[in-house]
Enquirer: 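Sending over a structure as structure tokens; questions will come in a sec.
Each residue takes its place number in the sequence, starting with 1.
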Amino acid sequence: MKTKQAFLFVLLVFLIAATPYIDVFGASMDEDLSILSLKATPPDLTVAYGSEPDQVADIRYGRHGDALPLLVLIHGGFWKPEYDRAHLDAMSAALAAAGWTVLTLEYRRISGKPDVTLQDVANALQTLPNKVEHHNGKIVLIGHSAGGQLVLWAAAKCTWPALQGVVALAPVADLRFADKLRLGGGAVRSFLGADPQERPDVDPMQLPAPAVAVTIVQGNDDEEVPASVATAYHAIFPNTRLLNLPDTGHYALIDPRSSAWQTVLDAIRKLPPS
């Protein structure tokens with residue numbers, strides 16, 4: 001009996017050791033999470049587009065900004081209130097250092113009230129670009145993870161003549177599929193407060209194709225938003241440019257220190273002019 005108990009104990013220890021650690025973001029230990037807390041130079045300016053604390057955006061000016069489109073950056077975090085734009089500080093600073101003027105949005109994230117989030121994004125995109133200096137009048141939307149869903153939604157639902165294109169990084173582009181996979185521990189239903197079948201107006205997969213160029217950059221080793229989600233979106237919208245990166249996880253796409261960073265920069269630069 002003791003031998004059996006000892007064997008089971010050793011087996012349990014082995015299984016625990018072999019199981020990837022899951023952190024609060026839902027990422028496995030294989031992911032380099034240091035980008036989430038990496039410090040960066042502070043923004044040049046923070047502006048409000050409403051009266052709520054989360055209705056703000058950071059501006060970082062690029063040295064070549066006057067000749068380039070304004071980059072509007074929307075963070076992820078599975079639409080959860082505990083994850084804000086701060087984890088994109090290093091990315092925002094790196095894009096500004098590369099020459100662009102960058103506007104990093106914050107937005108309200110209230111479980112079960114997706115329209116609050118969508119209205120914030122729409123209002124910010126409608127009002128803020130005209131208040132930002134040092135860009136050529138065009139806009140490129142960049143979103144990571146849940147922010148990828150938001151930029152794809154915005155490009156499909158809203159009309160801005162200034163919008164040049166979209167770069168979606170590991171986007172939650174198919175809410176029904178993401179719900180089936182229970183990404184983020186059931187984050188889709190928490191965000192929507194409903195079955196995604198009931199809110200096709202929020203799901204990029206169930207909306208018309210954006211009228212502008214869309215590029216998706218996806219890591220093939222992404223365990224948080226698997227590559228199959230981007231592949232499903234691309235199958236329905238084949239004009240989307242899909243860049244699959246081998247040996248690349250979820251957070252490498254927002255990390256200026258990663259091997260994926262050059263691909264992200266190239267994806268922005270290669271968007272055709274509108």
Enquirer: A173 and D203: which non-hydrogen atoms are nearest, and at how many Å?
Expert: O-OD1, 3.6 Å

Enquirer: Mind checking whether S34 and Y251 have side chains closer than 4.5 Å, heavy atoms only?
Expert: no

Enquirer: Report the distance from atom CD of Q218 to atom OG1 of T263, rounding to the nearest 0.5 Å.
Expert: 13.0 Å

Enquirer: Please report the interatomic distance CG(L33) to NE2(H87), rounded to the nearest 0.5 Å.
Expert: 11.0 Å

Enquirer: According to a 4.5 Å side-chain heavy-atom criterion applied to Ile, Leu, Val, Met, Phe, Trp and Tyr, with indirect links allowed, do V151 and I236 form part of one hydrophobic cluster?
Expert: yes

Enquirer: Using the side-chain contact (heavy atoms from CB on, under 4.5 Å) rule, pick out the option among V121, T117, N123, V116 that qualifies with Q119.
Expert: N123

Enquirer: Should L45 and I139 be counted in the same cluster of Ile, Leu, Val, Met, Phe, Trp and Tyr side chains packed under 4.5 Å apart?
Expert: yes

Enquirer: Check for me, please, whether Y61 and V56 land in the same ILVMFWY cluster - side-chain distances under 4.5 Å, paths through other members count.
Expert: no

Enquirer: Examine distances only and state if a side-chain atom of H250 and a backbone atom of G219 form a donor-acceptor pair shorter than 3.5 Å.
Expert: no

Enquirer: Measure from the side-chain N and O atoms of D58 to the backbone N and O of T104, and report whether any donor-acceptor pair falls under 3.5 Å.
Expert: no

Enquirer: Please check: side-chain N/O of Q149 versus main-chain N/O of V202, any donor-acceptor pairing under 3.5 Å?
Expert: yes

Enquirer: Let me confirm one number: the CG-CG distance from L88 to L36, rounded to the nearest 0.5 Å.
Expert: 9.0 Å

Enquirer: Take N136 and D66 through the test side chain to side chain contact (heavy atoms under 4.5 Å, CB included) and record every step on the way to the result.
Expert: CA-CA 5 Å; N136 69 2; D66 290 331; over 6 Å; no

Enquirer: Measure from the side-chain N and O atoms of T127 to the backbone N and O of Y49, and report whether any donor-acceptor pair falls under 3.5 Å.
Expert: no

Enquirer: Is the shortest side-chain heavy-atom distance between M91 and D255 below 4.5 Å?
Expert: no

Enquirer: Under a 4.5 Å cut-off applied to non-hydrogen side-chain atoms, are V217 and L245 in contact?
Expert: yes

Enquirer: Using modelled atom types and a 3.5 Å cut-off, is there a donor and acceptor pairing between side-chain atoms of T231 and backbone atoms of A227?
Expert: yes

Enquirer: Given the rule that I, L, V, M, F, W and Y join up when any side-chain heavy atoms are under 4.5 Å apart, are L181 and L152 in one cluster?
Expert: yes

Enquirer: Are the side chains of W100 and I268 in contact, using a 4.5 Å heavy-atom criterion?
Expert: yes

Enquirer: Do L70 and V140 come close enough that some side-chain heavy atom pair is under 4.5 Å?
Expert: no

Enquirer: Would you find more than 12 non-hydrogen atoms of other residues, nucleotides or ligands less than 6.0 Å from R269 atom CZ?
Expert: yes

Enquirer: Can you tell me if T101 uses its side chain to pair, donor with acceptor, with the backbone of H134 under 3.5 Å?
Expert: yes

Enquirer: Got I142 and L169 here, is their nearest side-chain heavy-atom distance under 4.5 Å?
Expert: yes

Enquirer: Return yes if some donor-acceptor pair links the side-chain N/O of S258 with the main-chain N/O of P256 below 3.5 Å, else return no.
Expert: no

Enquirer: When you look at V167 and L271, which way does the side chain to side chain contact (heavy atoms under 4.5 Å, CB included) test go after all the steps?
Expert: CA-CA 8 Å; V167 175; L271 282 172; 3.8 Å; yes

Enquirer: Return yes if some donor-acceptor pair links the side-chain N/O of W261 with the main-chain N/O of A94 below 3.5 Å, else return no.
Expert: no

Enquirer: Shortest non-hydrogen contact from P161 to K138?
Expert: O-NZ, 3.8 Å

Enquirer: Quick one: closest heavy-atom pair of L243 and T215, and the distance?
Expert: CD1-CG2, 4.0 Å

Enquirer: About how many Å separate CD1 of I110 and CH2 of W79, when rounded to the nearest 0.5 Å?
Expert: 15.5 Å

Enquirer: Would a 4.5 Å heavy-atom cut-off, applied to side chains only, mark V188 and F78 as touching?
Expert: no

Enquirer: Nearest 0.5 Å please: distance from the CG atom of L105 over to the CD1 atom of I74.
Expert: 5.0 Å

Enquirer: Quick check: closest heavy atoms across H135 and V132, and the distance to 0.1 Å?
Expert: NE2-O, 3.0 Å

Enquirer: Grab the two heavy atoms, one from T248 and one from L253, that are nearest each other, plus how far apart they are.
Expert: CG2-CD2, 4.0 Å

Enquirer: Between D44 and R60, is there a salt bridge with N-O shorter than 4.0 Å?
Expert: no

Enquirer: Quick one, L125 and L141 - any side-chain contact, counting heavy atoms below 4.5 Å?
Expert: yes

Enquirer: Can you tell me how far NE2 of H234 sits from CG of N244, rounded to the nearest 0.5 angstrom?
Expert: 9.0 Å

Enquirer: Testing the 3.5 Å rule here: is there a donor-acceptor pair between the side chains of R85 and S92?
Expert: no

Enquirer: Does K113 have more than 12 heavy atoms from other residues, nucleotides or ligands lying within 6.0 Å of its NZ?
Expert: no

Enquirer: Restricting to non-hydrogen atoms, name the atom on A124 and the atom on P129 that form the minimum distance, rounded to 0.1 Å.
Expert: O-CD, 3.5 Å

Enquirer: Regarding K39 and D89, does a basic nitrogen lie under 4.0 Å from an acidic carboxylate oxygen?
Expert: no

Enquirer: Starting from the C-alpha separation in whole Å, work towards a yes-or-no answer on salt bridge (charged side-chain N to carboxylate O under 4.0 Å, His left out) for R108 and D54.
Expert: CA-CA 5 Å; R108 288 175 292 173; D54 283 331; over 6 Å; no

Enquirer: Is the distance between the ring centroids of H75 and Y107 less than 6.0 Å?
Expert: yes

Enquirer: Would you check if the side chain of Q206 reaches a backbone N or O of R176 as a donor-acceptor pair within less than 3.5 Å?
Expert: no

Enquirer: For the pair D195 and R189, evaluate side chain to side chain contact (heavy atoms under 4.5 Å, CB included) and give the outcome as yes or no after the intermediate values.
Expert: CA-CA 6 Å; D195 188 312; R189 291 200 184 218; 3.2 Å; yes

Enquirer: Can you tell me if R109 uses its side chain to pair, donor with acceptor, with the backbone of K80 under 3.5 Å?
Expert: yes

Enquirer: Output, in order, the C-alpha distance, side-chain angles, deciding distance and verdict of side chain to side chain contact (heavy atoms under 4.5 Å, CB included) for L183 and E224.
Expert: CA-CA 7 Å; L183 299 187; E224 192 148 351; over 6 Å; no

